[in-house]
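Each remark here refers to the structure printed beneath this line.
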Amino acid sequence: MQKIDIRHLLKDPSLFKEDAFIDGSWFKAKTGDTFAVHNPATGELIAQVSNLGPHEAELAVTAAENAFQGWKNKTGKERAVMMRRWFDLITQNAQDLAILMTLEQGKPLVEATGEVAYGASFIEWFAEEAKRVAGSIPTTTWSDKRTIVMKQAIGVCVAITPWNFPMAMITRKIAPAMAAGCTIVIKPAELTPLSALALAELALRAGIPSGVINILTADAEQSIAIGKTLCASPTVRHLSFTGSTEVGRILMAQCAPTVKKLALELGGHAPFIVFEDADIDAAVAGAVMSKYRNSGQTCVCANRFYVHKTVHDAFVEKFAKAVQKIIVGNGMEAGITQGPLIEPAALEKVERHVADALSKGATLVSGGKRSALGGTFYEPTILTNVSNDMLITYEETFGPVAPIMTFESDEEVIRLANHSQFGLASYFYSRDIGRIWRAAEALEYGIVGVNTGIISNEVAPFGGVKQSGLGREGSIYGMDEYLELKYVCLGL
Ligand SMILES: O=CCCCC(=O)O
């Protein structure tokens with residue numbers, strides 16, 4: 001397939017990179033091998049990116065190891081100044097970064113622009129936090145000794161990041177790591193390496209020292225081999241991964257022999273509850289944002305809707321009207337609010353979930369099929385009369401399908417909502433303050449959105465319980481992942 005040149009779409013064409021980034025230099029695979037990156041909206045070939053392997057993974061770890069002492073020994077303020085410069089450059093180049101993201105990932109340009117700002121916010125936030133790392137000196141129980149607690153950078157870190165948020169899932173991991181004084185090796189998803197490489201170019205321009213950030217690009221097969229190498233490396237002290245629970249378990253097992261610290265942001269199956277006292281218009285607006293953001297390809301997207309039986313019909317009627325306003329198409333075109341699914345396998349999973357639900361008695365309210373646009377476009381879909389035996393109520397769909405069930409009591413809906421191996425995000429709408437407290441406390445989820453469908457920002461701790469993962473990203477807690485506590489017992 002002929003490669004389409006996308007550089008003319010950028011104000012700064014030099015942000016388009018196809019080589020990996022190791023030790024401050026652009027890097028081709030030793031084999032000369034490359035892999036293809038396609039635009040999911042058009043199927044066009046837009047890049048041939050260097051296909052690295054375990055050998056280059058080791059080089060990147062060595063580069064990060066060599067850079068570690070120098071970076072760690074800078075003051076928090078020195079690190080903050082460089083990170084702030086990087087943030088400013090990202091902000092100045094936001095339009096180009098958004099275009100690259102839409103071209104490789106498919107999300108509408110307005111959403112991509114939002115992700116660039118969201119992704120940059122982690123760099124700004126953690127640049128500020130870099131200056132505030134503090135240990136403690138607890139009161140002693142030994143009069144001849146003092147207890148000192150220091151916080152120190154953990155060392156070389158690895159970030160393995162997903163295709164659905166090609167920029168924000170990188171910055172949410174590497175900004176706290178860098179602020180803490182750690183150096184990093186990043187393995188972006190093979191479907192979306194261009195955003196990561198553009199970020200590296202801007203980091204270079206910001207003066208971030210060589211080896212502090214390294215980016216390994218690889219196709220699916222080489223990514224597995226690289227992952228094994230990174231997990232096995234005794235030099236790597238921390239691994240952060242965002243992706244499926246299935247892959248998270250594998251990485252956890254692979255990291256066991258070297259006892260690495262892990263941060264895992266894994267799958268979710270978010271319940272979205274509409275109580276009988278909810279503001280229905282607000283619930284509809286929140287449902288649309290939560291469900292159809294990024295074509296439903298977000299770990300915190302609402303996956304199953306529980307609507308009180310007394311407001312079910314009113315909710316469904318208004319929800320269906322709102323969903324009809326979603327405009328499906330190529331995210332580069334003006335006015336588009338839902339892009340394609342990332343790849344054919346994603347489309348097939350959505351089709352399988354819808355077919356299974358319909359075969360077991362669900363009612364189709366809207367959508368329910370591939371878009372007439374072809375490719376991997378799927379119509380925004382609503383199903384009612386959904387029951388718990390349907391795949392869609394317990395497997396992550398990762399697509400634009402809203403399955404709706406009814407409930408009759410608070411107790412029942414909390415039990416249904418908590419009946420999941422996942423525990424990432426949950427949402428509910430109510431105006432009763434007592435009910436709000438009770439439900440927020442009872443939901444077994446790391447995140448609870450009350451009267452809102454959008455919950456993510458840099459000051460909030462993002463993460464899940466149960467099989468949705470370990471650790472928290474963002475917020476004042478996000479840097480703890482990358483800091484070790486050291487206790488110094490000082491005899492006087
Ligand atoms: O799939 C998970 C991406 C998280 C997006 C967010 O931060 O809201």
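For clarity, every value in this text was computed on a predicted model and none was experimentally measured. Remember, it's 1-based here, ligands and their atoms both numbered in the order they're listed.
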(request) For atom CD of Glu201, decide whether the heavy atoms of other residues, nucleotides or ligands shown that lie under 6.0 angstrom number more than 12. (result) yes
(message) In the structure I gave you, are the side-chain heavy atoms of Thr217 and Phe35 within less than 4.5 Å of one another anywhere?
(response) yes
(message) Just so I know, are the side chains of Tyr292 and Val323 near enough to count as touching, which here means a heavy-atom distance under 4.5 Å?
(response) yes
(request) Measure the acute angle between the ring planes of His308 and Phe407, then classify it against the limits of 30° and 60° as parallel, tilted or perpendicular. (result) perpendicular
(message) Angle between ring planes, Phe315 versus Phe272, binned at 30° and 60°: parallel, tilted or perpendicular?
(response) tilted
Quick check for students: name every N or O atom pair between ligand 1 and the protein closer than 3.5 Å, with distances.
residue	atom	partner	partner atom	Å
ligand 1	1 (O)	Asn164	ND2	2.8
ligand 1	1 (O)	Cys299	N	2.8
ligand 1	7 (O)	Tyr118	OH	2.6
ligand 1	7 (O)	Arg172	NH1	2.8
ligand 1	7 (O)	Ser456	OG	3.4
ligand 1	8 (O)	Arg293	NH1	3.0
ligand 1	8 (O)	Arg293	NH2	3.0
ligand 1	8 (O)	Ser456	OG	2.5

(request) Examine Arg472 relative to Phe462 and say whether NZ or CZ is less than 6.0 Å from the centre of the six-membered ring and inside a 45° cone about the ring axis. (result) no
